[in-house]
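Heads up: the structure comes next, in structure tokens.
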Amino acid sequence: MTDSGHPVRILVCDDHVVVRAGLLALLDSAPGIEVVGEAGTGEEALALAGRLTPDVMLMDLQLGTGIDGVETTRRLTSGPGPAPHVLVLTTYDTDADITRAIEAGATGYLLKAERPEELFAAIHAAARGRTALSPPVASRVMANMRRPRPSLTDRERDILTQLARGLGNREIARALFISEATVKTHLSRIYDKLGVDTRAGAVAVAKEQRLLP
């Protein structure tokens with residue numbers, strides 16, 4: 001139930017028809033929850049949310065074609081007018097997925113392996129605007145908050161910025177007026193500090209930790 005005593009109106013977004021059917025059957029049996037619609041794509045979810053005004057959107061992250069669950073969440077929560085609370089329900093629990101979803105405005109993040117009672121409780125919590133996280137997700141969020149951000153020198157930040165633009169070592173050296181050997185030395189230190197061993201990994205972690213301008 002919502003604070004006003006009405007059932008929680010919920011819209012389900014998942015691109016797998018069988019998964020969606022299972023969720024609908026499960027939610028139909030839940031006390032104080034009313035399913036008002038279902039969507040198979042992010043675009044469909046946005047259109048239905050505008051028309052049906054659910055209290056909570058149950059959102060999968062990977063939606064096949066079109067916009068993904070994170071972008072759908074961002075558009076839902078940043079648009080004009082009242083927005084539903086978004087509860088992510090997914091099989092993915094990587095740090096990057098969790099961070100992107102929460103930064104996009106998700107109220108909660110649950111894994112599909114959770115028991116039905118946990119899902120029902122999370123839906124009621126989300127309807128009240130309370131954060132609901134699966135225990136493994138909560139542990140990762142807390143660990144990331146406690147982990148100090150890597151401290152990069154100004155020169156390392158410069159090189160990382162060029163790296164994010166897709167430049168190779170020779171181009172970075174030319175842009176920063178340093179030798180290729182110096183670039184390689186800095187890159188090695190950057191990889192060590194960020195805990196990665198590839199250029200793509202360095203850029204991904206830098207974006208996640210907001211180390212890039």
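Nothing fancy with the numbering, it's 1 onward along the sequence. Hydrogens, waters and symmetry mates play no part in the numbers below; they use all other heavy atoms, side chains included.
Residues Met57 and Leu11 have side chains in contact (heavy-atom distance under 4.5 Å, counting atoms from C-beta outward). Looking at heavy atoms from C-beta onward, Gln162 lies out of side-chain contact with Glu171 at the 4.5 angstrom threshold. Residues Leu110 and Glu118 have side chains not in contact (no heavy-atom distance under 4.5 Å, counting atoms from C-beta outward). Taking 4.5 Å as the limit, some side-chain heavy atom of Leu26 sits within range of a side-chain heavy atom of Pro116. Contact check for Leu63 versus Cys13: side-chain heavy atoms found under the 4.5 Å cut-off. At least one side-chain heavy atom of Leu187 sits less than 4.5 Å from a side-chain heavy atom of Arg199. Looking at heavy atoms from C-beta onward, Phe120 lies in side-chain contact with Leu27 at the 4.5 angstrom threshold. No side-chain heavy atom of Leu87 sits under 4.5 Å from any side-chain heavy atom of Tyr109.
Remark: the backbone N or O of Glu156 is paired with a side-chain donor or acceptor of Thr153 at under 3.5 angstrom. Between the Thr77 side chain and the Ala104 main chain, a donor and an acceptor come within less than 3.5 Å of each other. Between the side chain of Arg9 and the main chain of Leu52, a donor-acceptor pair closer than 3.5 Å is present. Not one N or O on the side chain of Ser188 forms a donor-acceptor pair closer than 3.5 Å with the backbone of Lys184.
A distance of 11.5 Å separates CG in Leu24 from OG in Ser29, rounded to the nearest 0.5 Å. Of the inter-residue distances, the one linking Ile172 atom CD1 with Arg165 atom CZ reads 9.5 Å to the nearest 0.5 angstrom. The CG atom of Asp55 lies 7.5 Å from the OG1 atom of Thr53; values are rounded to the nearest 0.5 Å. Taking CG from Asp60 and CG from Leu89, the interatomic distance works out to 7.0 Å, rounded to the nearest 0.5 Å. Atom CG of Leu152 sits about 11.5 Å away from atom NE2 of His186, to the nearest 0.5 Å.
The only member of Ile98, Asp68, Val70 that meets side-chain contact (heavy atoms from CB on, under 4.5 Å) when paired with Leu61 is Val70.
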Note to self: Working note: Ile67 + Glu43, criterion side chain to side chain contact (heavy atoms under 4.5 Å, CB included); need CA distance, chi angles, decisive distance, verdict.
What the structure shows: CA-CA 7 Å; Ile67 58 176; Glu43 289 83 355; 3.7 Å; yes
Item checked: Worked check of side chain to side chain contact (heavy atoms under 4.5 Å, CB included) between Arg189 and Thr185 -> CA-CA 7 Å; Arg189 288 182 189 146; Thr185 300; 3.8 Å; yes
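The existence of a salt bridge linking Lys112 and Asp14 is confirmed by a sub-4.0 Å separation between a basic side-chain nitrogen and an acidic carboxylate oxygen. With respect to Glu71 and Arg75, a salt bridge is recorded, a charged nitrogen being found less than 4.0 Å from a carboxylate O. With salt bridges taken as basic N to acidic carboxylate O contacts below 4.0 Å, one links Arg155 and Asp158. In this structure, Arg100 does not pair ionically with Glu103, as no charged nitrogen and carboxylate oxygen lie closer than 4.0 Å.
The heavy-atom pair separating Ala49 from Pro54 by the smallest distance is O-CD, 3.6 Å. Taking each heavy atom of Leu163 and Ala202 in turn, the nearest pair found is CD2-CB, 4.2 Å. Here the shortest heavy-atom pairing between Ala173 and Glu180 reads CB-N, 3.8 Å. Closest non-hydrogen pair, Val183 versus Ile159, comes out as CA-CD1, 4.3 Å. Of all heavy-atom pairs between Thr73 and Ala101, the closest is CG2-O, 4.4 Å. The shortest heavy-atom contact between Thr107 and Ala126 is CG2-CA, 4.1 Å.
Using modelled atom types and a 3.5 Å distance limit, the side chains of Ser179 and Thr182 yield a donor-acceptor pair. With no hydrogens or angles considered, no side-chain donor-acceptor pair links Asn169 and Arg174 at under 3.5 Å.
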List the atom pairs, with distances to 0.1 Å, where a side-chain N or O of residues 31-41 and a protein N or O form a donor-acceptor pair under 3.5 Å, not counting sequence neighbours.
from: Glu38; atom 1: OE1; to: Arg20; atom 2: NE; distance (Å): 2.7
from: Thr41; atom 1: OG1; to: Glu44; atom 2: N; distance (Å): 3.0

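At most 12 non-hydrogen atoms from other residues, nucleotides or ligands lie less than 6.0 angstrom from CG of Asp154.
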